[in-house]
Protein chains: 2
Amino acid sequence: MLINELSKRTGVPIPTLRYYENYGLFKGMTDGKIKTNNYKDYDESIVEKIEMIKGAKEAGFTLSEIKNLIDSWFNKRLSKEKKITVVYSKITEIDNKIRQLNKVRKLLSECIVDIEKGNC
Amino acid sequence: MLINELSKRTGVPIPTLRYYENYGLFKGMTDGKIKTNNYKDYDESIVEKIEMIKGAKEAGFTLSEIKNLIDSWFNKRLSKEKKITVVYSKITEIDNKIRQLNKVRKLLSECIVDIEKGNC
DNA sequence: ATAAAGTATAAACCATACTTCATACTTTGT
DNA sequence: ACAAAGTATGAAGTATGGTTTATACTTTAT
């Protein structure tokens, strides 16, 4: 599919997709032998990749962290153990973030009680 | 306490504290009647406020969101109901974030299995 | 066939959240 | 007393994650 469809499928604006591609998060194919243009073609797997990127971003990861994750994910030369280490460390980060969010959530709940009591 | 101590107590660098104060997240006191200088004094409640700011930031909230929260928190003119609405909407956002994080966490766990199997 | 719409690339621009710098005054240690 | 360290303020600089603009080529619709 072309970038327009990719944008519609994922809900990510075209300039952002180009920015991501340029950043190295994924890569469209240009087949110089077949096509007269240099339009890039994106396949289904890239839609999935972008969904992953969106999820990770909403979860608060930076593009650079996401790039590291994707790189180790798809790097064939990396050993199983290395890959697993990278992914586990992200899982640990996620657990920390969830813990942090629950802490703030608790603070806010307590605040509701205070407001209802008329304090603060 | 002066800004140096505040920085040590909270672990937030002095320039960042000044940036936050300038942004309107809190305010130190300068008592022109007593002091010969214009050094600002920060009390215990500001330490707490900054801990809240740190928590909210780690949870992924922007300074502007945090400012809104603090403003409604300490705005005496706001009705109980308005305050509660603001705080509840933040709690809902936190719940969404936690859900999102769990989604990514699940994806990564599945990935571990895939890596162990030798796929991807 | 030709105007409108789509695509690619590079460069400039923007907002957020800081950090660094320059300047000037105040306090503290010896 | 006076150098070193702390404080305040304003302005400029930086990094991240985009968005916008300009230019040029390609495809599509009428």
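The chains referred to below are lettered A, B, ... by the order of the sequence lines, with proteins before strands, and numbering in each begins at 1.
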Whole-Å gap separating P (C/dA15) and CD (B/Glu65): 18 Å

Set of side chain to side chain donor-acceptor pair (under 3.5 Å) partners for A/Glu81, sequence neighbours left out: none

Minimum side-chain heavy-atom gap B/Tyr42-B/Val47 below 4.5 Å: no

Euclidean distance, atom CD of residue B/Glu21 to atom P of C/dC18 [Å, nearest integer]: 15 Å

Between D/dT16 (P) and A/Leu25 (CG): distance, integer Å: 14 Å

Separation of C/dA17 P from B/Phe61 CZ (nearest whole Å): 13 Å

Any side-chain donor near an acceptor of the partner, B/Arg99 and B/Asn96, under 3.5 Å: yes

Length of the OH-C1' vector between A/Tyr19 and C/dA12, whole Å: 15 Å

Euclidean distance, atom CD1 of residue B/Ile50 to atom P of C/dC18 [Å, nearest integer]: 12 Å

Whether B/Tyr23 side chain and B/Ser64 backbone form a donor-acceptor pair below 3.5 Å: yes

Distances under 3.5 Å between nitrogen or oxygen atoms of protein and nucleotides 2-9 of chain D:
residue, atom, partner, partner atom, Å
D/dG6, N2, B/Tyr39, OH, 2.6
D/dG6, N3, B/Tyr39, OH, 3.4
D/dA8, OP1, B/Lys40, N, 2.5
D/dA8, OP2, B/Arg18, NH1, 2.7
D/dT9, OP2, B/Lys40, NZ, 2.8

Atom pair distance, as rounded to whole Å: CG in B/Leu63 and P in C/dT19: 11 Å

Value in whole Å for how far the P atom of D/dT19 lies from CG of A/Asn22: 14 Å

Atom NZ of B/Lys54: over 12 foreign heavy atoms under 6.0 Å: yes

Interatomic spacing from NZ in A/Lys49 to CG in A/Asp43 - rounded to 0.5 Å: 9.0 Å

Candidates D/dT26, D/dT19, C/dC18 - which lies nearest the side chain of A/Asn37: D/dT26

